[in-house]
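Comments concern the structure below.
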Amino acid sequence: MGAINTIEQLEAYRQEIAAGIKADLPTVLVCFGTGCQANGARPVAEAFSDIIEEQGLELNVNIGIKTTGCHGYCENGPLVALQPQGILYLKVKPEDVAEIVEKTIRSGEVIERLIYQDKTTSDMVAEYSEIPFYKHQHRIALRNIGAIDPTNIDDYILAGGYSGLVKALGMKPDDIITEIEDSGLRGRGGGGFPTGTKWRSCVAVDSDVRYVMCNCDEGDPGAFMDRSIMEGDPHSVIEGMIIGALAMGSHTGYVYIRDEYPLAVKNLTSALEAAREKGLLGESILGSGFDFDIKISRGGGAFVCGESSALMRSVAGEVGEPRAKYIRSVERGLYDKPTVLNNVETWANVPEIIMKGAEWYAGLGTEGSKGTKVFSLVGKVNNTGLVEVPMGISIRELVENIGGGVLNGKKFKAVQTGGPSGGCIPERLSDLPVDFDSLTEAGSMMGSGGIIVMDEETCMVDVAKYFINFLVEESCGKCTPCRDGLPRMLDLLTDITEGRGGEEHVAMLEELCDLLTWGALCGLGTSAANPVLSTIKYFRDEYDAHIFDKKCPAGVCKELITYAIDPEACTGCRLCAKNCPQECITGERKEPHVIDTAECIKCGLCRDVCTFDAVRIS
Amino acid sequence: MTDVTQFDSIIDRYERSEESLLAILQDFQREFHYVPEEGIRRLSEVMEVPESKIYAMGTFYKALSLTPRGRHTIKVCTGTACHLKGAPQILETLERELEVKRNGTTTDGEFTLECVNCVGACAMAPLTVIDEEYHGQTRSSKIMDIVKKRAES
């Protein structure tokens with residue numbers, strides 16, 4: 001079918017797709033997100049195709065294989081979900097496929113070896129919706145991910161897609177904005193600025209041209225919800241942007257997307273083409289007389305381009321340096337025209353808010369932070385991946401109930417939120433509700449939603465150094481506080497981690513933090529103090545241990561630790577000696593080995609290969 | 001005379017607009033594994049944009065390199081989750097074994113070692129991307145085996 005010219009035709013088309021699908025037929029959903037593909041999802045999908053072709057004729061069932069977007073439970077990939085049973089299999093290998101077809105698809109039998117087992121309770125769970133990682137979630141932005149094929153627009157339409165647009169076409173532009181305002185939606189990219197207010201101020205500026213933009217330059221290390229949405233459900237973002245354009249009277253949109261996300265670029269490109277073919281983008285959308293199209297702009301690997309003014313310069317084909325924002329980009333943004341820039345997750349929420357209403361959305365979350373938020377729960381935690389939960393959930397619930405606790409039974413120390421602009425929140429504050437305002441009060445920030453779990457083996461001074469080093473590399477160099485202040489902070493932190501720290505180091509760090517907060521030009525510099533100040537505030541004892549005792553309590557800072565082999569635990573297997581690049585581990589077979597600390601370069605290979613946990617750090 | 005057709009075939013894929021510059025440079029990078037000087041010159045001619053402007057972009061954007069890269073690119077993800085789970089050890093092992101510093105290329109032109117600030121696959125940390133292949137949960141003791149296998153392919 002070609003272009004859809006009216007709203008009625010879209011509804012008819014939706015029914016036509018629905019009629020072609022027999023709901024009781026089994027469906028195999030193979031996750032094709034970046035994580036699962038890296039774990040070998042493609043051979044698994046191919047094995048399903050082969051076996052269906054081979055046995056297809058004798059089977060009464062029709063198996064539709066869908067390659068879907070990221071479920072978020074990447075660590076256990078490749079993931080295969082089976083409908084209508086609702087079973088989720090983890091870590092599926094091509095050799096398991098024949099058995100899955102034979103047992104589960106034909107006879108409905110569950111293969112125990114492939115289902116989820118709770119690491120703490122040892123409970124076996126077959127059903128997708130009952131796995132703790134999914135059970136506590138409330139999916140709005142991630143509503144279709146894992147359930148639809150992102151490369152097939154029919155799947156999105158069947159799932160109710162583009163009905164938000166249909167509804168918006170029947171509304172006055174001003175009412176669309178009011179709906180978004182009333183929903184309380186705040187920008188999901190980090191700043192948390194009220195989305196409706198932003199739209200309203202853009203419309204208030206008198207101009208013949210306006211732009212709507214989507215920020216998919218997801219630079220915060222540890223956050224990957226935007227990648228997942230773009231890979232798994234690009235139409236939700238496109239639909240959100242069309243609604244935004246309609247509300248603000250814009251005819252051109254841009255998506256600025258990281259080139260480090262090749263699959264996201266690919267799926268977005270094909271989704272835009274499909275939407276144009278169906279008449280959902282381009283001239284006179286659904287016969288309404290409203291024109292709008294979206295261009296893609298690929299980023300060049302510069303973190304600072306996630307900042308709005310730098311991003312707009314980069315789209316225009318310039319070096320992505322930020323400007324001072326005396327005039328906001330809603331007034332003068334891209335090509336000096338009023339521009340609204342929202343992040344991927346924000347746009348993905350828009351169609352649902354229009355469909356279900358502001359009241360419904362505002363009923364979720366907390367007083368100041370409405371709705372849900374997608375978090376990427378990563379680091380030293382048992383269940384890693386993306387989780388979407390109502391705002392206001394506590395850090396402890398996230399880490400313990402959904403994340404299944406800290407990895408290897410180690411002690412939970414802190415979570416880091418907000419990327420390089422955020423800070424570390426200690427375990428003792430983990431009953432804190434996660435929303436925009438509480439996190440800022442605690443000296444961190446929401447950022448784009450990365451929650452990085454840290455355990456007793458994480459050195460907080462090293463974490464501060466890591467983020468400052470990151471920012472030194474990513475600073476564009478335009479303003480002096482950021483260009484020259486950050487390297488000085490890195491010098492100070494390096495001194496501390498290498499045992500040269502003195503009493504004055506912490507005070508000097510605090511002084512520089514103050515300078516950056518007040519003096520830097522853009523958000524990269526003004527928030528750079530957070531990782532340092534929050535670790536000094538909550539983990540001063542660790543700074544003191546490095547400075548006064550010349551010790552790294554977590555055993556991370558190389559200059560302050562030594563490696564030794566525990567003679568009780570060592571079995572004399574020689575594996576460490578064979579792998580030592582310095583050849584400084586000696587000992588007879590089946591006898592405890594010894595490390596010559598004078599020669600040791602502390603590379604950690606011996607500890608990595610030891611299967612008896614005999615290599616200790618002190 | 002340099003053969004400009006190899007550049008033109010890339011430039012022609014895009015609109016004659018400054019908006020296309022970064023995308024064209026990225027395609028140069030992908031095709032030639034760096035942005036050649038002749039490419040900058042040709043792009044400047046076709047787009048009627050000063051060479052200095054294109055050069056500035058070449059030095060500003062991390063994804064672009066003005067010097068030739070190795071046959072294989074090893075990207076060690078140094079995002080936060082990877083950092084906590086052992087990326088520094090992986091990077092050190094590669095630097096030591098390949099005798100190359102980060103962002104450098106081995107003397108035989110085989111490998112370029114890069115760091116990337118998060119590839120967004122944090123659940124599989126620590127992660128190494130060799131050419132376009134993702135290797136999750138990499139260990140410092142196993143990384144050289146993976147690299148050697150890639151070199152043979």
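Convention: sequence-line order gives letters A, B, ...; per-chain numbering from 1. When reading the values below, keep in mind they use all heavy atoms of this one structure, side chains included, and skip hydrogens, waters and symmetry mates. Keep in mind the model is a prediction, meaning the values are calculated, not measured.
- Using a 4.5 Å cut-off between heavy atoms, Met57(B) contacts chain A through both its backbone and its side chain.
- A donor-acceptor contact shorter than 3.5 Å links the side chain of Lys85(B) to the backbone of Gly379(A).
- Heavy atoms only, all atoms of each residue included: Cys122(B) and Gly222(A) are closest at SG-CA, 3.5 Å.
- Looking at Thr458(A), only its side chain comes within 4.5 Å of chain B, counting heavy atoms on both sides.
- Judged by distance alone, the side chain of Gln26(B) and the main-chain N or O of Gly299(A) form a donor-acceptor pair under 3.5 Å.
- In this structure, the side chains of Val463(A) and Leu84(B) come closer than 4.5 Å at one or more pairs of heavy atoms.
- Under 4.0 Å is where a charged nitrogen must lie from a carboxylate oxygen, and between Glu132(B) and Lys266(A) no such pair does.
- Interface remark: Pro420(A) contributes no atoms to any contact with chain B (heavy atom separation under 4.5 Å).
- By the 6.0 Å contact criterion, NZ on Lys62(B) is enclosed, its count of non-hydrogen atoms from other residues, nucleotides or ligands being greater than 12.
- The local environment of NZ in Lys91(A) is sparse, with at most 12 non-hydrogen atoms from other residues, nucleotides or ligands closer than 6.0 Å.
- Summarising the local packing, CD of Glu51(B) is surrounded by more than 12 heavy atoms from other residues, nucleotides or ligands at distances under 6.0 Å.
- Contact annotation for Thr93(B): only side-chain heavy atoms (C-beta onward) come within less than 4.5 Å of a heavy atom of chain A.
- Counting heavy-atom pairs under 4.5 Å between each of Val319(A), Val609(A), Asp455(A) and chain B puts Val319(A) at the top.
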Requested in this report: Start with the C-alpha distance between Gln29(B) and Asp259(A), add both sets of side-chain angles, then the distance that settles side chain to side chain contact (heavy atoms under 4.5 Å, CB included), and finish with yes or no.
Outcome: CA-CA 12 Å; Gln29(B) 176 76 35; Asp259(A) 205 35; over 6 Å; no
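- Looking at Gln37(A), neither its backbone nor its side chain comes within 4.5 Å of chain B, counting heavy atoms on both sides.
- Distance check: Ser140(B) OG to Leu605(A) CG gives 4.5 Å after rounding to the nearest 0.5 Å.
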Query raised in the report: Given the rule in the side chain to side chain contact (heavy atoms under 4.5 Å, CB included) test, do Phe467(A) and His83(B) qualify, once you have shown the distances and angles that lead to the verdict?
Result: CA-CA 10 Å; Phe467(A) 282 113; His83(B) 179 82; over 6 Å; no
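- Proximity to chain B (any heavy atom under 4.5 Å) is shown, for Glu318(A), by both the backbone and the side chain.
- Val304(A) touches chain B through its side chain: at least one heavy atom from C-beta onward sits under 4.5 Å away, while N, CA, C and O do not.
- Contact of Gln137(B) with chain A is made through the side chain alone, with heavy-atom distances under 4.5 Å.
- When the candidates Arg139(B), Met124(B), Glu18(B) are compared by the number of heavy-atom contacts under 4.5 Å with chain A, Arg139(B) comes out ahead.
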Query - CA sep, side-chain torsions, deciding dist, call: Glu92(B), Lys558(A), side chain to side chain contact (heavy atoms under 4.5 Å, CB included) - result: CA-CA 12 Å; Glu92(B) 273 170 36; Lys558(A) 254 173 118 175; 2.8 Å; yes
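- A distance-only check finds no donor-acceptor pair linking the side chain of Arg298(A) to the backbone of Leu22(B) [under 3.5 Å].
- Using a 4.5 Å cut-off between heavy atoms, Ala23(B) contacts chain A through both its backbone and its side chain.
- For the options Met225(A), Glu260(A), Lys602(A), Lys380(A), heavy-atom pairs under 4.5 Å to chain B are most numerous at Lys380(A).
- Between chain B and the options Ser376(A), Gly477(A), Ser314(A), the largest number of non-hydrogen pairs under 4.5 Å is found for Ser314(A).
- Neither the backbone nor the side chain of Glu218(A) comes within contact range of chain B; no heavy atom of the residue lies under 4.5 Å from a heavy atom of that chain.
- Interface residue Ile601(A): only side-chain heavy atoms are found under 4.5 Å from chain B.
- Most heavy-atom pairs under 4.5 Å with chain B: of the set Val453(A), Leu377(A), Ile452(A), this distinction falls to Ile452(A).
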Report task. Quick one: do Asn117(B) and Glu474(A) satisfy side chain to side chain donor-acceptor pair (under 3.5 Å)? Show the steps, please. Result -> CA-CA 10 Å; Asn117(B) 286 327; Glu474(A) 296 296 345; 2.7 Å; yes
**Report entry** Verdict with supporting geometry, Glu473(A) and Arg102(B), salt bridge (Lys or Arg N to Asp or Glu O under 4.0 Å)
**Finding:** CA-CA 13 Å; Glu473(A) 284 178 18; Arg102(B) 57 192 288 185; 3.2 Å; yes
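- The greatest number of non-hydrogen atom pairs below 4.5 Å with chain B, out of Gly219(A), Gly317(A), Gly419(A), Ala38(A), is found for Gly317(A).
- Residue contact with chain A, scored on non-hydrogen atoms closer than 4.5 Å, involves the side chain of Glu15(B) exclusively.
- Panel note: side chain Tyr134(B), backbone Cys36(A); no donor-acceptor pair is recorded below 3.5 Å.
- Listed here is the closest heavy atom pair of Val378(A) and Ala123(B): CG1-N, 4.1 Å.
- Going from atom NZ of Lys295(A) over to atom OG of Ser20(B) covers 8.0 Å, rounded to the nearest 0.5 Å.
- Gly79(B) approaches Pro221(A) most closely through the heavy-atom pair CA-CB, 3.7 Å.
- What you find for Pro581(A) and Glu97(B) is that their closest heavy atoms are CB-OE2, 4.2 Å.
- Side chain of Tyr261(A) to backbone of Val119(B): no donor-acceptor contact under 3.5 angstrom is found.
- Across all their heavy atoms, Cys476(A) and Phe60(B) have their closest contact at CB-CE1, 3.8 Å.
- Each of Cys603(A), Gly604(A), Ala302(A), Ala223(A) has some count of heavy-atom pairs under 4.5 Å with chain B, and the biggest count is that of Cys603(A).
- Of the two parts of Tyr254(A), only the side chain, counted from C-beta on, holds a non-hydrogen atom closer than 4.5 Å to a non-hydrogen atom of chain B.
- With a threshold of 4.5 angstrom between heavy atoms, Val116(B) approaches chain A through side-chain atoms but not through N, CA, C or O.
- Heavy-atom distances place no part of Cys606(A) under 4.5 Å from chain B, backbone and side chain included.
- More than 12 heavy atoms of other residues, nucleotides or ligands lie within 6.0 Å of CZ in Phe32(B), so this atom counts as buried by the packing criterion.
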